[in-house]
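Everything quoted here is computed from the prediction, not taken from an experiment. Each ligand, and each atom within it, is numbered from 1 in the order the structure gives.
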Amino acid sequence: MSSIVVLSGSPSATSRTAALAGLLSERLRGHGHDLRLIHVRDLPAQALLHADFADPAIVDVTAAITAADGVVVASPVYKAAYTGLLKSLLDLLPQFALAGKTVLPVLTGGSPAHVLALDYALRPVLSSLGAHHVVPGWFVLDKHIEVSATGVVLHADSEKPLLSVVDTFAAVLDGAPATVPLAG
Ligand SMILES: Cc1cc2nc3c(=O)[nH]c(=O)nc-3n(C[C@H](O)[C@H](O)[C@H](O)COP(=O)(O)O)c2cc1C
């Protein structure tokens, strides 16, 4: 069993990314992994905005990430990149906080035109944090995520490829090579 931290970086109270992060967390729990889902919007804003490294909530999250074997980083695309909220937390982590960890990047967005934000915006910051093992991630169109009182439903065009990268991430944590079957 590996320990995994899932970061959800949307500031929205009705976040599709958060719903997706919950779905992914359940999937990973189903693989037998130990999960902690962290919504960055629930961390103290004062600590994030004033770079208060010593705030107990920041210390706690930093410790959880440091101790984790795997980290899922999920964010909506804002202005062709990940959110400033997510960055405000990443900026408070130690320089190589993701060294030695397997990392799964996931973005949600309104336009397929910004699918490359995954590789040109999110991936570089993960590498800068020391992540050498960033497995293939996925960009999910917001219109493919339907959130209701009973849960979250993904459009078939997104469900299969997303679950495929999640299952690969889980398998890599179990020691398998990072090969994702082509969607289709
Ligand atoms: C301030 C803001 C900026 C956005 N910028 C982009 C963008 O540049 N590209 C894009 O594809 N979607 C953009 N979107 C759409 C969101 O990425 C998309 O709806 C996402 O799924 C919202 O996730 P959330 O519900 O978790 O906040 C933007 C949304 C907001 C509110």
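- Side-chain contact between R16 and P76 is absent, with no heavy atoms from C-beta onward closer than 4.5 Å.
- Between I4 and L173 the shortest side-chain heavy-atom distance falls below 4.5 Å.
- In this structure the side chain of L92 never reaches within 4.5 angstrom of the side chain of T62, judged on heavy atoms.
- Listed by chain and number, S10, S12, S15, R16, T17, P76, V77, Y78, K79, A80, T108, G109, G110, S111, H114, D142 each place a non-hydrogen atom less than 4.0 angstrom from ligand 1.
- No hydrogens or angles considered: nothing links the side chains of S10 and S12 as a donor-acceptor pair under 3.5 Å.
- Residues passing the side-chain hydrogen bond (donor to acceptor under 3.5 Å, both in side chains) test with D167 are R27, H31, sequence neighbours excluded.
- At least one side-chain heavy atom of L7 sits less than 4.5 Å from a side-chain heavy atom of I65.
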